[in-house]
Trainee: 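Mind having a look at this structure? Questions to follow.
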Amino acid sequence: MIFTVAIDGPAAAGKGTIARAVADRFGFAHLDTGLLYRAVGAKAGDPVAAARGLTEADLGRGDLRTLAAGQAASRVAVIPEVRAALLDFQRRFARRQGGAVLDGRDIGTVICPEAEVKLYVTASPEVRAHRRWLEVGGDEAQVLAEVIERDKRDARRATAPLRPAADALLLDTTELTIEAAVHKAIAAIEQRIGQGRA
Ligand code: DC
C-alpha cells in the first residue's frame, strides 16, 4: 500500500510527537525531515555540497537537537540548491510501499502534494517556546525570540515557504493537548483509509 501522511507546521508545535504516534499506530515508516536540514547545517563547508553528500552517519550526530542546530538548519533551508538536493530522497520515502509519515515545513505543499492525508500542526509562539524551553532549558525569553526568528525565516523564504496546504487539516495545539491532537490525526487517517476501501 502506498499512503502518505504529510505533517507540516512551525517549530515545537508537536509535529514530531504526532508523527511518531501515527507511525506506531499504522506501522508506517517515519521521516523527520528537519533532521536532514539540521545535519546539513551542522556540516562544515559549503551547504550545497553537504546536502548533495549527506549520509546516514550525518543524521546520527548527537548535537542536532540543540537551538543552535535549529537556527543553522533554518539558514541553510533558504538555499534552493540545498532543498533541491534533498527532494528526491524525501519523495521516494513518501511513496515507499507500506505507508510513510513525514514531518517538516513543505511536505504537503512541495514534497508530496498528492499525500493522502495532510495535517498542519501549529500553536501560539509562546506555547511552542515554553515546550521547547522545557526540553532545552536556559532563558525562556531567549527561546521565544529564537522561535519567532525561525518562524519568520521559514515562512518568508522564496523557495518552499512554511504554509498550510489548501487541503490540510488544521490542528492548533495551543489549547488542544498533544494527546487530543493525536486522536484527531488518527481519526482523519482512519477515515481516509476507509474511503480507499469503499
Ligand atoms: O523541524 P525542525 O525544527 O527540526 O526543522 C529545522 C529547520 O529546518 C526549520 O527551521 C526549517 C528547516 N526545514 C525546512 O525548511 N523544511 C522541512 N521540511 C523541514 C525543516
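All ligand and atom numbering here is 1-based and tracks the order in the structure.
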Trainee: Using 30° and 60° as the class limits, which term best fits the ring planes of Phe89 and Phe93: parallel, tilted or perpendicular?
Mentor: tilted

Trainee: Measuring from atom 20 (C) of ligand 1, which candidate in Ser74, Ala13, Gly34, Gly16 has the nearest non-hydrogen atom?
Mentor: Gly34

Trainee: Are Ser74 and Asp154 close enough that a side-chain donor and a side-chain acceptor fall under 3.5 Å?
Mentor: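 Looking only at side-chain atoms, Asp154 and Ser74 do form a donor-acceptor pair, the distance falling under 3.5 Å.
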
Trainee: Compare all side-chain heavy atoms of Ile186 with those of Glu190 and state whether any distance is below 4.5 angstrom.
Mentor: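 Yes, at least one pair of side-chain atoms sits under 4.5 Å.
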
Trainee: Compute the shortest N/O to N/O distance between Thr33 and ligand 1 and return yes if it is under 3.5 Å, no if not.
Mentor: yes

Trainee: Does the distance from a Lys or Arg side-chain N to an Asp or Glu carboxylate O, for Arg150 and Glu146, drop under 4.0 Å?
Mentor: no

Trainee: Note the single closest protein heavy atom to atom 4 (O) of ligand 1, along with its residue, its atom name and the distance in Å.
Mentor: Arg38 NE, 2.6 Å

Trainee: Polar contacts were defined as any N/O atom of the residue lying under 3.5 Å from an N/O atom of the ligand; does this apply to Tyr37 and ligand 1?
Mentor: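 Tyr37 vs ligand 1: no N/O contact under 3.5 Å.
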
Trainee: Of the choices Arg105, Arg132, Arg83, which has the non-hydrogen atom that lies closest to atom 15 (O) of ligand 1?
Mentor: Arg83

Trainee: Could you tell me the residue and atom name of the protein heavy atom closest to atom 12 (C) of ligand 1, and the distance to it rounded to 0.1 Å?
Mentor: Ala77 CB, 3.7 Å

Trainee: Closest non-hydrogen protein atom to atom 6 (C) of ligand 1, residue and atom name please, with distance?
Mentor: Arg150 NH1, 3.3 Å

Trainee: Before accepting this row, confirm whether a basic side-chain N of the pair Asp46/Arg52 lies closer than 4.0 Å to the acidic partner's carboxylate O.
Mentor: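 Answer for the salt bridge query: no.
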
Trainee: Evaluate the salt bridge (Lys or Arg N to Asp or Glu O under 4.0 Å) criterion for residues Glu116 and Arg95: first the C-alpha distance (whole Å), next the side-chain angles of each, then the deciding distance (0.1 Å), finally the verdict.
Mentor: CA-CA 11 Å; Glu116 280 71 17; Arg95 300 315 265 170; 3.0 Å; yes

Trainee: Hey, could you give me the CZ/CG distance between Phe28 and Leu102, rounded to the nearest 0.5 Å?
Mentor: 11.5 Å

Trainee: Report, in ascending order of atom number, the atoms of ligand 1 lying under 4.0 Å from any heavy atom of Ala73.
Mentor: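 Heavy-atom distances to Ala73 below 4.0 Å select 6 (C), 7 (C), 8 (O).
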
Trainee: With only distance considered, is Arg157 within less than 3.5 Å of ligand 1 through an N or O on each side?
Mentor: yes

